[in-house]
Undergrad: 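Once you've had a glance at the structure underneath, I'll fire off some questions.
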Amino acid sequence: MKNGFVFAPLVFSGEIFNPVALNNAVLTTFLFCLASSATYIVNDIHDVDLDRQHPRKSKSRPLASGIVSKNAALVLLSALYFVLALGYLVMPKVILVIIAYLVLNLAYTFILKHEPVIDIFTIAIGFVLRVIAGAVALDLGASAWMCVTTLCLALYLAAVKRRQEIAQSGSEGRRVLKKYSVALVDRYAEMSATGALLFYSMFVMSTRPALVITIPLVLYGLFRYWYVVEALDGGESPTDALFSDWQLMAVVVLWIATCVWALSGMHL
């Protein structure tokens with residue numbers, strides 16, 4: 001789901017019906033799936049002892065639960081890096097962005113995840129790199145509007161994730177959670193959501209007026225996601241929150257369909 005951000009430049013450039021552009025976007029998403037899988041493996045190897053003490057992670061994470069051995073994880077990690085290296089022969093510019101993503105996540109795993117505020121921004125920058133990779137794959141310049149909107153939306157999701165971790169597990173899961181409070185990350189989330197809505201609205205009104213009709217959908221999505229977090233106790237995993245709430249899924253699907261329809265020239 002996170003790697004779906006790679007498709008943002010494809011959709012907003014209006015090139016979604018261009019077979020070559022679509023193929024490049026799909027391949028870039030595939031490469032990012034390999035890269036993000038590699039970062040999860042590194043993170044899980046690094047945190048395996050701590051995860052074994054966590055009530056949920058000790059059962060859900062393959063290494064902590066013992067479903068997968070450390071040696072098997074290292075073999076898979078090597079295979080993923082090898083395929084990414086081969087990807088350089090096909091999409092060298094995209095792989096350079098992915099290398100930046102891998103380096104950023106290595107820094108996150110070993111250092112940055114323990115630094116308050118920096119940890120949230122590191123997660124958010126990973127989403128921005130996905131958008132940049134999607135633009136590079138199409139030989140387009142990454143839109144500043146799109147990048148700042150993505151940054152704000154990702155900060156919103158990351159802040160909500162931290163909020164739910166604090167509310168549900170206290171500081172047991174992450175050392176950095178001791179330096180946050182629910183009230184503080186609530187303010188981060190509110191500021192980020194406001195920024196995402198504002199920048200998205202300015203982006204579509206200034207560069208893609210046909211997408212103005214999608215602004216209410218974005219606003220509803222932000223409201224609904226916060227409802228899922230506050231009333232239904234979701235949000236620790238944005239993906240789980242999305243798939244557990246039919247209204248949230250419906251508004252995302254409707255937003256995508258509306259964007260494609262509006263930019264395809266099929267509207268009256």
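Hydrogens, waters and symmetry mates are skipped; everything else that's a heavy atom, side chains included, is used. Just so we're clear, the structure is a prediction, and the values are computed from it rather than from any experiment.
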Undergrad: Output, in order, the C-alpha distance, side-chain angles, deciding distance and verdict of side-chain contact (heavy atoms from CB on, under 4.5 Å) for Thr122 and Lys113.
TA: CA-CA 8 Å; Thr122 303; Lys113 70 192 304 182; over 6 Å; no
Undergrad: Is the shortest side-chain heavy-atom distance between Arg208 and Leu263 below 4.5 Å?
TA: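 Answer yes - side chains close enough.
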Undergrad: Side-chain contact test, heavy atoms from C-beta onward, threshold under 4.5 Å: evaluate it for Val6 versus Val131 and give yes or no.
TA: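 No, every pair of side-chain atoms sits at 4.5 Å or beyond.
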Undergrad: How long is the span from the CZ atom in Phe223 to the CG atom in Leu197, to the nearest 0.5 Å?
TA: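 It is 8.5 Å, given to the nearest 0.5 Å.
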Undergrad: Has Thr214 got a side-chain atom pairing as donor or acceptor with Leu217's backbone, closer than 3.5 angstrom?
TA: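 Not at all, since once roles are kept as given, no pair shorter than 3.5 Å links the two residues.
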Undergrad: Go through the steps for Tyr220 and Gln247 under the test side-chain hydrogen bond (donor to acceptor under 3.5 Å, both in side chains), then give the verdict.
TA: CA-CA 10 Å; Tyr220 181 84; Gln247 291 191 39; 2.3 Å; yes
Undergrad: For Ala158, is there any backbone N or O sitting under 3.5 Å from a side-chain donor or acceptor partner on Arg162?
TA: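 Judged by distance alone, no pair lies under 3.5 Å.
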Undergrad: Test side-chain contact (heavy atoms from CB on, under 4.5 Å) on Leu106 and Ile111; report intermediate values, then the result.
TA: CA-CA 8 Å; Leu106 284 173; Ile111 301 173; over 6 Å; no
Undergrad: Indicate the ring-plane relationship of Trp255 and Tyr200, choosing parallel, tilted or perpendicular according to the 30° and 60° boundaries.
TA: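 Judged by the thresholds at 30° and 60°, the geometry between Trp255 and Tyr200 is tilted.
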Undergrad: Under 3.5 Å, is there a donor-acceptor pair between the side chain of Arg61 and the main chain of Val48?
TA: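 Answer holds: no.
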Undergrad: Can you confirm whether Val42 sits close enough to Asn105 that some side-chain heavy atom of one is under 4.5 Å from a side-chain heavy atom of the other?
TA: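 Side-chain contact under 4.5 Å: no.
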Undergrad: Hey, what's the ring geometry for Phe127 with Phe5, parallel, tilted or perpendicular (30° and 60° as the breaks)?
TA: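 Phe127 vs Phe5 ring planes: perpendicular.
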Undergrad: Looking at Lys93, I want to see if its NZ is surrounded by more than 12 non-hydrogen atoms of other residues, nucleotides or ligands under 6.0 Å.
TA: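 Not buried by this count: 12 neighbours or fewer within 6.0 Å.
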Undergrad: Do the side chains of Ile213 and Trp261 get nearer than 4.5 Å, heavy atoms only?
TA: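 Of all side-chain heavy-atom pairs linking Ile213 with Trp261, at least one is under 4.5 Å.
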Undergrad: With a 3.5 Å distance limit and no angle check, can you tell me whether Asp245 reaches the backbone of Leu248 through a side-chain donor-acceptor pair?
TA: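 Flag set: sc Asp245 to bb Leu248 pair under 3.5 Å.
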Undergrad: Once rounded to the nearest 0.5 Å, what's the spacing between atom CD1 of Ile41 and atom CD1 of Ile45?
TA: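 Output value for this atom pair is 7.0 Å.
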Undergrad: Any side-chain donor-acceptor pair under 3.5 Å between Asp119 and Tyr180?
TA: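 Tyr180 and Asp119 do have a side-chain donor-acceptor pair below 3.5 Å.
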Undergrad: Taking atom CZ as the centre, does Phe121 end up with more than 12 heavy-atom neighbours from other residues, nucleotides or ligands that are less than 6.0 angstrom away?
TA: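 No, the 6.0 Å shell around CZ holds no more than 12 heavy atoms from other groups.
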Undergrad: Assigning hydrophobic clusters by single linkage (Ile, Leu, Val, Met, Phe, Trp, Tyr; side-chain heavy-atom cutoff under 4.5 Å), is Ile99 placed with Val94?
TA: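 Linked within one cluster.
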Undergrad: Which heavy-atom pair separates Leu104 from Gly126 by the least distance, and what is that distance?
TA: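 Closest approach of Leu104 to Gly126: CD2-N, 4.1 Å.
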Undergrad: Do Ile118 and Met191 sit in the same hydrophobic cluster, where Ile, Leu, Val, Met, Phe, Trp and Tyr count as joined when their side-chain heavy atoms come under 4.5 Å apart?
TA: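 Different clusters: Ile118 never reaches Met191 through Ile, Leu, Val, Met, Phe, Trp or Tyr contacts under 4.5 Å.
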Undergrad: Any luck finding a side-chain donor-acceptor pair between Ser58 and Asp51 under 3.5 Å?
TA: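 Ser58 vs Asp51: no donor-acceptor pair found between side chains.
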Undergrad: Taking the six-membered ring where the residue is Trp, are the ring centres of Tyr156 and Tyr188 under 6.0 Å apart?
TA: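 When the ring centroids of Tyr156 and Tyr188 are compared, they turn out to be at least 6.0 Å apart.
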Undergrad: Please report the interatomic distance OG1(Thr39) to CG(Leu77), rounded to the nearest 0.5 Å.
TA: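 The CG atom of Leu77 is 9.5 Å from OG1 of Thr39, to the nearest 0.5 Å.
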Undergrad: Backbone N or O of Val204 within a donor-acceptor pair of the Thr207 side chain at under 3.5 Å?
TA: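 No, because the side chain of Thr207 does not come within donor-acceptor range (under 3.5 Å) of the backbone of Val204.
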Undergrad: Could you check Trp226 against Val160 for side-chain contact (heavy atoms from CB on, under 4.5 Å), going step by step and ending with a plain yes or no?
TA: CA-CA 8 Å; Trp226 196 260; Val160 169; 3.4 Å; yes
Undergrad: Please tell me whether Val103 and Ile125 are part of a single hydrophobic cluster in this structure, the criterion being side-chain heavy atoms less than 4.5 Å apart.
TA: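 Both belong to a single hydrophobic cluster.
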Undergrad: Please examine the side chains of Glu230 and Gln164, heavy atoms only from C-beta on, and report whether any two atoms are closer than 4.5 Å.
TA: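 No. Closest side-chain heavy atoms not under 4.5 Å.
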Undergrad: Can any side-chain N or O of Thr149 pair as donor or acceptor with the backbone N or O of Met146 at less than 3.5 Å?
TA: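 Not confirmed, Thr149 side chain does not pair with Met146 backbone.
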Undergrad: Taking everything shown except Tyr40 itself, do over 12 heavy atoms lie less than 6.0 Å from its OH?
TA: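 Open.
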Undergrad: Specify the closest pair of heavy atoms between Lys59 and Ser65, including all atoms of both residues, with the distance to one decimal.
TA: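 Scanning both residues, the minimum pair turns out to be O-CB, 3.8 Å.
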Undergrad: Without swapping roles, check the side chain of Ser244 against the backbone of Ala241 for a donor-acceptor pair under 3.5 Å.
TA: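 Such a contact is found between Ser244 side chain and Ala241 backbone.
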Undergrad: Between atom CG of Leu198 and atom CZ of Phe203, what is the distance when rounded to the nearest 0.5 Å?
TA: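 Separation between the atoms: 14.0 Å.
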Undergrad: State, yes or no, whether a side-chain contact exists between Cys147 and Ile132 at a heavy-atom distance under 4.5 Å.
TA: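 In short, these two side chains touch, coming nearer than 4.5 Å.
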Undergrad: When hydrophobic residues are tied together by side-chain contacts of less than 4.5 Å, even through go-betweens, does Leu254 share a cluster with Leu242?
TA: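 As far as the 4.5 Å side-chain criterion goes, Leu242 and Leu254 are connected within one cluster.
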Undergrad: When rounded to the nearest 0.5 angstrom, what is the spacing between CE in Met91 and OG1 in Thr28?
TA: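 Between Met91 CE and Thr28 OG1, I get 3.5 Å after rounding to 0.5 Å.
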Undergrad: Please indicate whether Phe82 has more than 12 foreign heavy atoms, meaning atoms of other residues, nucleotides or ligands, lying under 6.0 Å from its CZ.
TA: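 Check fails, neighbour count at 12 or below.
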Undergrad: Could you grab the distance from atom CG of Asn43 to atom OG of Ser36, nearest 0.5 Å is fine?
TA: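 If I round to the nearest 0.5 Å, the distance is 12.0 Å.
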Undergrad: To check you understand the geometry: which heavy-atom pair defines the closest contact between Thr109 and His46, and what is its length?
TA: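 In terms of heavy atoms, the two residues are closest at O-CE1, 3.5 Å.
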Undergrad: If you define the side chain from C-beta out and look only at heavy atoms, does anything of Ile98 sit under 4.5 Å from Ile95?
TA: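 Ile98 reaches Ile95 side chain to side chain.
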Undergrad: Identify the two heavy atoms, one from Ala35 and one from Leu84, that lie closest to each other, and give their separation to 0.1 Å.
TA: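 That would be CA-CD1, 3.9 Å.
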Undergrad: Should Leu222 and Val212 be regarded as members of a common hydrophobic cluster, given that ILVMFWY residues are connected when their side-chain heavy atoms come within less than 4.5 Å of each other, either directly or indirectly?
TA: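 Same cluster: Leu222 reaches Val212 through Ile, Leu, Val, Met, Phe, Trp or Tyr contacts under 4.5 Å.
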Undergrad: Is any side-chain heavy atom of Val185 closer than 4.5 Å to one of Ser181?
TA: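 The answer is no; the side chains never approach within 4.5 Å.
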Undergrad: Check the pair Phe7 / Ile256 against side-chain contact (heavy atoms from CB on, under 4.5 Å), numbers first and verdict last.
TA: CA-CA 11 Å; Phe7 285 96; Ile256 293 172; over 6 Å; no
Undergrad: Tell me the closest heavy-atom pair linking Leu211 and Ala262, and the distance in Å.
TA: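 So the minimum-distance heavy-atom pair works out to CD2-CB, 3.8 Å.
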Undergrad: Are Arg175 and Glu115 ion-paired here, with the side-chain N under 4.0 Å from a carboxylate O?
TA: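 No, this pair does not count.
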Undergrad: Can you name the nearest heavy-atom pair linking Cys152 to Ala196, along with the distance?
TA: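 Heavy-atom minimum between the residues: CB-N, 3.4 Å.
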Undergrad: Can you confirm whether or not the ring centre of Phe32 sits under 6.0 Å from the ring centre of Tyr101?
TA: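 Distance test on ring centres: under 6.0 Å, yes.
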